[in-house]
Structures are given as structure tokens and as C-alpha cells.
Amino acid sequence: NTVRRKHAALSKTTTPGTYTLADLGSSNGTFVYADGRWLPVTKVRVDRNTKVRFGQFATSVAEIVDTYNKGVTNAIYRNPVTGEIINNSL
């Protein structure tokens, strides 16, 4: 399973610390972890503590936002060995 470049969008809301997560028609799905299981979503409000999954790629909203704030604004990847989010396009 893969995650394509334009899999989902994460946007700030007017409420501080919350975001809207929207699937962009992906074939492998966008999910949030709630009530002990992964739930498929098309559009949902999330916060920094929300665990998210894009296909088989799992992370948290906080990790995405923090990586973006470090200046990594294009594709975000996870190192399969360490689990660290990295930018492979550098």
C-alpha cells in the first residue's frame, strides 16, 4: 500500500489547536484512531493529539504540524527503520 502525494488535506480551523482533516479521494483511505479502532473518514475535525492513518502510514496530527512548522512543506515520509518523519525529497 502507498500514500499518494495528494492523499489528504489538513487545515486550521477558527478554534485554536483544532484542524479539519479531509480525504482527497484516496484509494487507500484516511483514518482516525478513536474508541480503540481505526475509523475511515472523509472529513473530520481533529486536534494535535489525534492519531491519523493514510493507507498504512500512521502518525499523529502533532507530528504532521510540527514537521510542517520546521519548514518541510512538501512530501512527508516516514523512515521505515526508525519511524522518524523525514523529507526524502531533499
Side-chain angles (χ1 to χ4, degrees):
N1 291 337
T2 62
V3 176
R4 64 187 171 96
R5 185 174 179 99
K6 303 271 183 172
H7 188 101
L10 185 67
S11 308
K12 289 182 181 180
T13 68
T14 56
T15 305
T18 65
Y19 305 85
T20 298
L21 175 65
D23 184 86
L24 299 177
S26 68
S27 57
N28 291 321
T30 300
F31 304 83
V32 296
Y33 194 76
D35 300 323
R37 59 192 173 120
W38 289 105
L39 304 172
V41 297
T42 53
K43 188 174 183 180
V44 65
R45 183 173 283 207
V46 295
D47 62 32
R48 288 183 55 84
N49 298 318
T50 304
K51 293 178 185 175
V52 296
R53 195 179 88 203
F54 310 105
Q56 296 300 311
F57 178 87
T59 188
S60 68
V61 171
E63 202 166 9
I64 295 168
V65 171
D66 292 347
T67 300
Y68 177 84
N69 289 338
K70 289 178 186 174
V72 180
T73 58
N74 51 5
I76 297 173
Y77 303 93
R78 183 177 297 279
N79 179 314
V81 176
T82 66
E84 174 188 18
I85 286 188
I86 56 175
N87 180 353
N88 282 347
S89 64
L90 295 176

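All heavy atoms count here, side chains included; hydrogens, waters and symmetry mates do not.
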D47/V61 under side-chain contact (heavy atoms from CB on, under 4.5 Å): CA gap, chis, key distance, verdict: CA-CA 7 Å; D47 62 32; V61 171; over 6 Å; no
With hydrophobic residues grouped by side-chain heavy-atom distances under 4.5 Å, do Y33 and V52 end up in a single group? no
Is F57 linked to L10 within one hydrophobic cluster, defined over Ile, Leu, Val, Met, Phe, Trp and Tyr using a side-chain heavy-atom separation of less than 4.5 Å? yes
Give a yes or no answer on whether the side chain of T13 reaches the backbone of T18 with a donor-acceptor pair at less than 3.5 Å. yes
Do any N or O atoms from the side chain of H7 and from the backbone of G29 form a donor-acceptor pair under 3.5 angstrom? yes
Give, for atom CZ of F54 and atom CG of L24, the distance between the pair rounded to the nearest 0.5 Å. 9.5 Å
Measure the spacing between CG of D66 and OG1 of T59 and express it to the nearest 0.5 Å. 9.5 Å
Do you know the tightest heavy-atom contact between A8 and T30? CB-OG1, 3.9 Å
Shortest non-hydrogen contact from R48 toward V65: NH1-CG1, 3.6 Å
Sequence neighbours left out, cut at 3.5 Å: what donor-acceptor pairs do the side chains of residues 36-45 make with other protein atoms?
none

State, with a plain yes or no, whether a side-chain heavy atom of Y19 is found less than 4.5 Å away from one of T50. no
Using side-chain heavy atoms (C-beta onward) and a distance below 4.5 Å, is V46 in contact with V32? yes
